[in-house]
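Each remark here refers to the structure printed beneath this line.
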Amino acid sequence: MSEEIKKEERSLNFIEEIIESDLKSGKYKSVVTRFPPEPNGYLHIGHASAICLNFGLTQDYPGYTNLRFDDTNPVTEDVEYVDSIREDIKWLGFEWKNEHYASDYFGTLYEYAVKLIRKGLAYVDDSSSEEMAFMKGTPTEPGKESSYRSRGIDENLELFEKMRNGEFPDGSRTLRAKIDMKHINMLMRDPVLYRIKHAHHHRTGDDWCIYPMYDFAHGQSDSIENVTHSICTMEFVPHRELYDWLIEKLEIYPSHQYEFARRNINYTVTSKRKLLQLVNEKQVDGWDDPRMPTISGLRRRGYTPESIRDFCDRIGVAKRENLVDVGLLEFCVREHLNKVALRRMVVFDPIKVVITNYPVGKDEVLHTENNPEDKSTGERELLFSNELFIEKDDFMEEPPKKYFRLSPGKMVRLKGAYIIQCDEAVKDETGKIIQLNCTYIPESKSGSDTSGIHVKGTLHWVNAKTAIPVEVREYDRLFKVEDPTDEEGDFKDYLNPASLNIVNTAMAEPELANAKFAERYQFLRKGYFCLDKHTSETRMIFNRTVTLKDAWAKEQKR
RNA sequence: UGACCCAUGGUGUAAUGGUAGCACUACUGAUUUUGGUUCAGUCAGUUAAGGUUCGAAUCCUUAUGGGUCAACCA
């Protein structure tokens, strides 16, 4: 019975179905996938989907996954990106079997190109890129053949070798596949295979001055690595025909390409070009700015690998256009952090509370749980005395209906401590409330309450004497609109000017002085937080990962 | 005025010719020393029109809508 239920719960995505069918039919005994980033930017949440898919497949089925850097364009690529990509994948919790680089195959790829020339299936074209573009036709009009298309094999061989030897300047010639200039698929209209770029490559240095195009590197690398299922996004669907054609003509291992729809998330952008722009134009504090949808940004923000993997699982894999609600990502991280975050109290915007019936100078040690969801995390000490801070927002002189917090004559519990009653709001000469005079109920001590008093509100607080100042950074969505790329004008016009709010007035309970970078915290009633990398000896900075769900804020909006 | 891909609640995703389900969101209520958590419940969907069939979200046709393709980027 339980097995039956399990079977029902586990529904396969279309790629898993293909794999199960291939395994069942005996087409493959095991599967080989690869994650093929180009090292020209940092990985983002969209890549996380592809990573979880490719690596997840070989966790569920026999086989393995390679990491392969698609580094065929030296002018945009850099080792900085290689390093960050490796780090991000590891952090997400995945291990690759082999680490490869398309650039490792440059020699083989060159041989493949020669083979194609010998078969009369590739030629050197002296046309300029403008001429080529002009002769390529349009989606509705056929292209025209280049006059260089009929060059003899020997001449092509010789010219290609000269290209390789650096005898021609950038852009002067290309190697093209000889397919069909009238093909309905534009990619089959004699696609460029090699171009001349006298550029320094991050791995091969100055060994090469010709570099293969994506279409002449990706599928071939898949083939060299015996990748069985080469998974990419939908925009590569038209490339599949060329992918298959090249493998067939080269007579190499037949990898197969399968496409799924990239995952889009609202209120952000996931395009390396746009993210790079935000970084270069200093709209954000680098690739790992906590507002960025990059893996490193999410990490700095306090997201956990578990929550990101869970998110990827939940949104699934399909072929249709989509715009996933970022609220789901937030749900996933709240769910995980609720289980693991240590509870602490931090008052962001303090107002002083004086307990008038509590002895001046007396200190009392109280105990409260570190995490009610995980008793194994034990308890910590709180120091109670007559002067405390609470949140300004937690007091209202004239409260609206359903306000459970403090107001004149009303009682609330201070978390882990006593019930207090507000007797007087002390104001300065301008009428601003500067202090609350309260009395506490001695019998209401947390854990041994015999007062019989029931209060609806419980507030977080800190001891005025021992609290430590900390900086808190609150983040909101980076963009004001759901899909910035779908709006008129520049996407940057839709940046949310309030995406970062720095709180300089926060006072934290002293326990937080021991905060660790690896630890996650829930500031009671405020949200989940973690230490930011800019924290120094003299200043602790906390990033807000996500707020807590806030039923009261919702109530107020009505 | 081409080719290709796609179309299920607000969002994401299942149902593989046989009871349209799950999750998020929203909304009720219960519990609660976090207006958190937890628990119970409610609202809400097959783009349209034909056809095949005992039976269609599923197969066929057409329409509609969305996406992709004219980089010496990947």
Side-chain angles (χ1 to χ4, degrees), chain A residues 8-9 11-13 17 36-38 40 70-73 75-77 125 127-129 132-134 136-143 170-176 183-187 189 191-197 210-211 213-215 217-218 232 234-241 259 261 263 266 272-273 314-332 334-335 338-339 343 345 368-369 372-373 402-405 412-417 419 444 446-447 449 454-460 522-527 547-555:
Chain A
E8 261 177 64
E9 282 174 350
S11 63
L12 303 177
N13 65 48
E17 280 179 8
E38 183 189 11
N40 67 345
D70 239 339
D71 55 350
T72 57
N73 185 5
V75 299
T76 57
E77 295 156 7
D125 194 334
S127 308
S128 69
S129 69
M132 248 194 257
F134 180 73
K136 193 137 193 178
T138 71
T140 54
E141 297 163 299
D170 286 8
S172 61
R173 284 175 172 81
T174 57
L175 182 73
R176 293 228 261 168
H183 202 108
I184 199 74
N185 181 350
M186 301 266 314
L187 282 155
R189 321 241 262 229
V192 171
L193 266 23
Y194 264 95
R195 77 284 215 190
I196 302 171
K197 268 182 199 280
I210 57 171
Y211 292 93
M213 299 287 290
Y214 166 84
D215 287 303
H218 198 102
C232 61
M234 294 293 284
E235 62 267 31
F236 291 96
V237 169
H239 291 253
R240 189 175 61 230
E241 195 169 10
E259 311 86 9
R263 320 314 294 182
N266 60 10
K272 280 196 273 187
R273 206 196 95 250
R314 285 172 186 265
I315 61 182
V317 176
K319 299 180 87 148
R320 77 180 85 134
E321 193 68 13
N322 61 82
L323 186 61
V324 182
D325 193 338
V326 68
L328 184 61
L329 217 206
E330 294 175 344
F331 165 82
C332 291
R334 279 193 192 104
E335 187 176 61
N338 177 48
K339 293 189 190 109
R343 272 54 172 177
M345 292 197 281
T368 189
E369 71 270 352
E373 304 290 320
K402 295 195 205 168
Y403 187 79
F404 305 152
R405 282 108 103 139
V412 293
R413 171 169 295 281
L414 295 179
K415 173 68 184 178
I419 292 173
S444 68
S446 185
D449 186 347
H454 175 74
V455 293
K456 289 207 91 168
T458 300
L459 308 184
H460 62 282
Q522 184 197 102
F523 293 174
L524 248 57
R525 304 206 300 140
K526 285 294 189 181
T547 60
L548 255 28
K549 268 171 64 178
D550 191 344
W552 172 240
K554 208 177 275 178
E555 177 73 30

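Reminder, nothing fancy here: chain letters follow the sequence lines and each chain counts from 1. For the numbers below, each heavy atom of this structure counts, side chains included, while hydrogens, waters and symmetry mates do not.
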Measuring only between side-chain heavy atoms, which start at C-beta, is [X] closer than 4.5 Å to [Y]?
| X | Y | result |
| --- | --- | --- |
| T72(A) | H218(A) | no |
| N322(A) | I315(A) | no |
| N73(A) | R195(A) | yes |
| M345(A) | T368(A) | no |
| R343(A) | K415(A) | no |
| Q522(A) | L548(A) | yes |
| W552(A) | K402(A) | yes |
| M132(A) | V192(A) | yes |

Could you give the [atom1]-to-[atom2] distance, from [X] to [N], as a whole number of Å?
| X | N | atom1 | atom2 | answer |
| --- | --- | --- | --- | --- |
| F404(A) | U32(B) | CZ | P | 13 Å |
| N322(A) | G9(B) | CG | C1' | 17 Å |
| E330(A) | U11(B) | CD | C1' | 14 Å |
| K456(A) | G36(B) | NZ | P | 11 Å |
| L548(A) | G35(B) | CG | P | 9 Å |
| M345(A) | G36(B) | CE | C1' | 15 Å |
| W552(A) | U37(B) | CH2 | C1' | 20 Å |
| R320(A) | U11(B) | CZ | C1' | 11 Å |

Please write out each protein N/O paired with an N/O of nucleotides 24-27 of chain B under 3.5 Å, distance rounded to 0.1 Å.
from: A26(B); atom 1: OP1; to: K554(A); atom 2: NZ; distance (Å): 2.7
from: C27(B); atom 1: OP2; to: K554(A); atom 2: NZ; distance (Å): 3.4

Using a cut-off of under 3.5 Å, enumerate the N/O to N/O pairs linking the protein to nucleotides 56-60 of chain B.
none

Reckon [X] touches a base, only the sugar-phosphate, or nothing at all at heavy-atom distances under 4.0 Å?
| X | answer |
| --- | --- |
| R343(A) | base |
| I315(A) | sugar-phosphate |
| L323(A) | sugar-phosphate |
| G143(A) | nothing |
| V75(A) | nothing |
| Y403(A) | base |
| E555(A) | nothing |
| T458(A) | sugar-phosphate |
| G457(A) | nothing |

Spacing of [atom1] belonging to [X] relative to [atom2] belonging to [Y], to within rounding of 0.5 Å:
| X | Y | atom1 | atom2 | answer |
| --- | --- | --- | --- | --- |
| T174(A) | D125(A) | OG1 | CG | 5.0 Å |
| F331(A) | K549(A) | CZ | NZ | 8.0 Å |
| R176(A) | L193(A) | CZ | CG | 10.5 Å |

Pairwise [atom1] distance, [M] and [N] [rounded to whole Å]:
| N | M | atom1 | value |
| --- | --- | --- | --- |
| G65(B) | A48(B) | P | 15 Å |
| U58(B) | G51(B) | C1' | 15 Å |
| U25(B) | U42(B) | C1' | 14 Å |
| G35(B) | G10(B) | C1' | 25 Å |
| C24(B) | C39(B) | P | 10 Å |
| C69(B) | G36(B) | P | 46 Å |
| A23(B) | G41(B) | P | 11 Å |
| A71(B) | C22(B) | C1' | 43 Å |

(message) Using the side-chain contact (heavy atoms from CB on, under 4.5 Å) criterion, which residues pair with A417(A)? Sequence neighbours excluded.
(response) L366(A), F384(A), L414(A), W461(A)

[X] versus [Y], closest heavy-atom pair with distance:
| X | Y | answer |
| --- | --- | --- |
| K136(A) | M186(A) | CE-O, 3.4 Å |
| R405(A) | L459(A) | CG-CD2, 3.6 Å |
| P238(A) | N185(A) | O-ND2, 3.0 Å |
| N40(A) | K272(A) | OD1-NZ, 2.7 Å |

Considering only [options], which nucleotide approaches the side chain of [X] most closely?
| X | options | result |
| --- | --- | --- |
| A551(A) | U33(B), C5(B), G35(B) | G35(B) |
| N338(A) | G12(B), U37(B), G35(B) | U37(B) |
| D550(A) | U34(B), G35(B), A14(B) | G35(B) |
| P372(A) | C5(B), U34(B), U37(B) | U34(B) |

(message) Should the side chain of S446(A) and the base of U33(B) be counted as holding a donor-acceptor pair, with the cut-off at 3.5 Å?
(response)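 Looking at the base of U33(B), it does pair with a donor or acceptor on the side chain of S446(A) (distance under 3.5 Å).
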
(request) Assess whether one donor atom and one acceptor atom, taken from the side chain of R525(A) and the base of U34(B), lie less than 3.5 Å apart. (result) no

(message) Can you tell me if R240(A) touches the phosphate of C5(B), counting only side-chain N or O atoms and a distance under 4.0 Å to OP1 or OP2?
(response)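 Indeed not, no polar side-chain atom of R240(A) lies that close.
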
(request) Using ring pair (Phe, Tyr, Trp, His ring centres under 6.0 Å) as the criterion, list what pairs up with H239(A), not counting sequence neighbours. (result)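 Expected list: Y214(A), F236(A).
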
(message) Does the protein touch nucleotides 67-74 of chain B at the base, only the backbone, or not at all? Give it as B, S and - per nucleotide, heavy atoms under 4.0 Å.
(response) S-SB-BSB

(message) Dot-bracket for RNA chain B, please. Rules: Watson-Crick or G-U, both distances under 3.5 Å, ( ) within the strand, [ ] when a pair crosses earlier ones, | for another strand, . otherwise.
(response) .((((((..((((....[..)))).(((((.......)))))....(((((..]....))))))))))).....

(request) Let me know, please, whether D449(A) or V324(A) comes out on the 5' side of the other along RNA chain B by nearest nucleotide. (result)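 It is V324(A), whose closest nucleotide lies nearer the 5' terminus.
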
